[in-house]
Amino acid sequence: MAANKASFPSGLLFFKLGSCRRVLNLFNVKCPCQNRLKKSKFSIINAVYTESLSAPSPAKSTKFKDKSIDFQNDDISMLHERIRRDRVKRDTARPVMDSEEAEKYIQLVKEQQQRGLQMLKGAERGGGGGGEGGAGGGFSYKADPYTLKSGDYVVHKKVGIGRFVGIKFDVPKGGTEPIEYVFIEYADGMAKLPVKQASRTLYRYNLPNETKRPRTLSKLNDTSAWERRRTKGKVAVQKMVVDLMELYLHRLKQRRPPYPKSPAMAEFAAQFPYEPTPDQKQAFIDVEKDLTEREPPMDRLICGDVGFGKTEVALRAIFCVVSVGKQAMVLAPTIVLAKQHFEVISERFSTYPHIKVGLLSRFQSKAEKEERLRLIKNGELDIIVGTHSLLGNRVVYNNLGLLVVDEEQRFGVKQKEKIASFKSSVDVLTLSATPIPRTLYLALTGFRDASLISTPPPERVPIKTQLFAFSKEKIVSSITFELDRGGQVFCVLPRIKGLEEVMDFLEQSFPDVEIAIAHGKQYSKQLEETMDRFAQGEIRILICTNIVESGLDIQNANTIIIQDVQQFGLAQLYQLRGRVGRADKEAYAYLFYPDKSLLSDQALERLAALEECGDLGQGFQLAERDMGIRGFGNIFGEQQTGDVGNVGIDLFFEMLFESLSKVEEHRIVPVHYNDVKVDININPHLPSEYINYLENPMETINEAEKAAEEDIWSLMQFTENLRRQYGKEPRSMEILLKKLYVRRMAADLGISQIYASGKRVGMQTSMTKNVFRLIRDSMASDVFHNSLDFKNGLIKAELLLELPREQLLNWIFQCLAELHASLPALIKIHKGYQKSKKLHKQ
């Protein structure tokens, strides 16, 4: 191709150089602008679909409009569907970093990853390095063969999914002394591995759903199916890493001045009446550093068992913020917990009369609510405690500086989205005994700061947990034992329906004992009075729903009975069990199920996990188990994905850490649109009817080129608006659009030149071989996957035969669309891109 045609698609070169009349003379038609007094400008953004269009004649208005149904499944529309799907998943356009910024943040990501592992996995501090799989700190997701049970499913990285049979002694080939072997059953035979080798290569196969069974076992003699599954998992992991990194970078780019350190903070801390545990002290230090030494807003998880001192960490953070004139919001999932927080905070700040504390809840009268809203808006309340009503649009904060979220897993999707929206502008501290999987993931991977309080206070005694089939006699004997030692009892049911029936039974069994009911649908005064009387010891047995799940601290209640346990989540059961054992008395949790034969495998495993995690401080480990039992969607809380099912949770996690440790290898450097050369000589001629119909063809073509130069989303919007306004374009116009798409996608992929010679197609690119492999492996089409090769910065394809130019353009368009679909798995870095863009515009 001639050099002067390199910067523009061949078919558009004439439009760029000629006037309207000269262009249309090429098509042997009369210039439409001679017959118009007023030009109609085509709008990329604000085009509106109408049933009838203004046109010179009725014939013209239907000539192309009638074909509107034809483009629903054409190549361009299918590309649009994929682009829109990716954009919806990500909510916003992808950020672009320059190379210096990328280097800085990649290093931060690695540091965060190691910090997350050290904090949450009990790795030795200062151990540094990185263990196998990038896990570092000596932690591994590999399975210990001696912990496997016969029938467990396992994953071997190279062979795939098999069923563990057992460990037996056998004499190795060429040896004389027997050694231990792990025997694994596959679809086409049995394999054996020395135990030492198995401990380095086997993973448990856990699935994020109930079945636990893989679709099929892998084959020893044909690993191609397993390789495809592993590749899918690898690509999904890489996309997750990039999404995580973008989320993390967005947070790091936010800024607020660090809070000043003052002697008053030390004085406030000195009022804490207990000796902090070592973990608690570290949490104090972590939060103080976040607030006083860092500019990005804090987003820290405090993970600690019930009664381990998370609230005191929050109180010190609140004091730091409100002492400089900012407001703090404390968000609780239930009014019971909100009221308890209000009382604790009010008492703790009672020696600071200038700091005002307020409670906002649905139980207040309209006048009380309006007064609270006015005080919040005017900045007359410094600490605001409440439930999700604090997130409503009517609540206007005067100078909000800190959001404390207690038990995030108890909030709904909309509330969680609202909480997330605060994170770019205020400091956020999340308290949880059993964090939700999304929170757990972010903490594990280091993309969210976390402090783990796992050391129990000296006086705490583990809770004895026992599981029984439902028995009235057992319930009566359990309650009798607690009442005889002067204690109180929680009796919890999953639904309001059934509370009265239990009340009747217990009143008959214990006629001289004060019994009451509590649930969220009661009137505010009634519920508040019931809870106060139970806290005072007047009520001995409280029959309730899981409204008591969070925060209720009653020292004398040391027995909890939970009926129909199969209807509770693992985290819920753990929280409910934490309502007892908050003093130095031995506490009991009795879990009753109706009939074990009616329970699903998932429910049985959940209960087994709860029994196993009987020691204090195991909320975090329980959350991990829950993640494997009930599923987790993906890291952004969307629908559950089959990507984890391809390889199992453990291998998926190790791949995630491995990908994080090599994140710098998956960078792509786009080129500017005008620097892309497409050397394919194809110059379509538009039909004269379509040119007349376009109102102003020159302006339309110019708008198309501008949209393509901007980004793929702008080009997509242009094409869709063009089709809405004028119907399906003729074949020649579709070719012009495809050339624009080819250049745009090539620019995004770092491809600077595309050419064809006979049966060969070449694409000059700046991407590395590792990036090319990742992109090729993620391609859905075997046709393109098998035909592409990479060498010395050149993507090459050998076609079966030499294609006509139009078919060749279609092949290149479809190939680039497949490659372009992998961009979400890559970090986009522009080296001097902004400068280049300005020069081209000039």
Side-chain angles (χ1 to χ4, degrees), residues 100-101 103-120 123-128 137 244-245 247-272 276-304 309-330 352 355 382-383 399-405 422-431 439 442-453:
E100 289 183 11
E101 189 180 39
E103 293 292 346
K104 174 185 173 185
Y105 286 139
I106 284 171
Q107 188 57 40
L108 282 169
V109 165
K110 287 187 169 185
E111 290 172 5
Q112 282 290 92
Q113 180 194 356
Q114 292 302 318
R115 194 178 300 129
L117 281 164
Q118 289 168 2
M119 289 276 188
L120 297 176
E124 294 181 11
R125 292 186 180 277
L244 274 173
M245 189 170 179
L247 183 75
Y248 179 60
L249 298 188
H250 176 72
R251 185 166 65 88
L252 283 182
K253 286 182 179 181
Q254 311 305 314
R255 291 287 183 270
R256 56 107 175 97
Y259 290 93
K261 292 182 180 180
S262 67
M265 288 175 62
E267 292 172 12
F268 181 82
Q271 296 173 14
F272 187 50
T277 63
D279 290 342
Q280 207 177 8
K281 286 179 182 176
Q282 186 58 49
F284 294 151
I285 293 169
D286 292 340
V287 172
E288 186 177 338
K289 283 184 177 178
D290 287 345
L291 293 172
T292 62
E293 297 179 16
R294 297 175 61 186
E295 289 186 335
M298 173 176 66
D299 181 15
R300 181 170 291 276
L301 164 69
I302 305 294
C303 183
K310 300 187 297 292
T311 304
E312 177 62 21
V313 179
L315 290 171
R316 296 188 187 189
I318 291 169
F319 183 83
C320 179
V321 170
V322 300
S323 60
V324 295
K326 285 186 173 285
Q327 292 173 306
M329 183 204 321
V330 180
Y352 300 89
I355 296 177
D382 302 289
I383 305 170
N399 190 15
L400 187 64
L402 175 67
L403 167 63
V404 177
V405 185
F422 280 100
K423 292 186 178 181
S424 62
S425 55
V426 302
D427 293 277
V428 179
L429 189 64
T430 304
L431 313 178
T439 302
L442 292 175
L444 274 171
T445 49
F447 285 93
R448 186 173 188 179
D449 295 316
S451 300
L452 181 61
I453 304 178

remark   = G309 and Q280 have their tightest heavy-atom pair at O-NE2, 3.1 Å
note = Here the pair of heavy atoms bringing Q271 nearest to Y352 is NE2-OH, 3.1 Å
task = Measure the spacing between CD of Q282 and OG of S451 and express it to the nearest 0.5 Å.
result = 7.0 Å
note = To the nearest 0.5 Å, atom NZ of K281 lies from atom CD1 of I453 at 13.0 Å
query = Under 4.5 Å between any side-chain heavy atoms of R300 and V287, yes or no?
reply = yes
remark   = Closest heavy-atom pair, Y259 versus G401, reported as atoms and distance to 0.1 Å, is OH-O, 3.7 Å
inquiry  = What I'd like to find out is whether the side chain of P258 reaches to under 4.5 Å of the side chain of R294, using heavy atoms alone.
reply    = no
ask   = Hey, does L429 have a side-chain heavy atom less than 4.5 Å from the side chain of D427?
value = no
remark   = Minimal heavy-atom distance between V426 and L400, with the atoms involved, is CG1-O, 3.4 Å
remark   = Rounded to the nearest 0.5 angstrom, the CG-CG distance for L301 and D286 is 11.5 Å
ask   = Taking all non-hydrogen atoms of both residues, which atom of V322 and which atom of D382 are closest, and how far apart?
value = CG1-O, 3.8 Å
query = For G325 and N399, which heavy atoms make the closest approach, and how far apart are they?
reply = O-ND2, 3.7 Å
task = Look up atom CG in L403 and atom CD1 in I318, then write down how far apart they are to the nearest 0.5 Å.
result = 10.0 Å
query = Could you state the interatomic distance from CE (M265) to CZ (F284), rounded to the nearest 0.5 Å?
reply = 11.5 Å
task = Mind checking side chain to side chain donor-acceptor pair (under 3.5 Å) for E312 and listing every partner two or more places apart, or none if nothing turns up?
result = R316, R348
key: T430 OG1 to K310 NZ distance, which is reported to the nearest 0.5 Å   = 12.0 Å
R255 side chain near P296 side chain, heavy-atom distance below 4.5 Å = yes
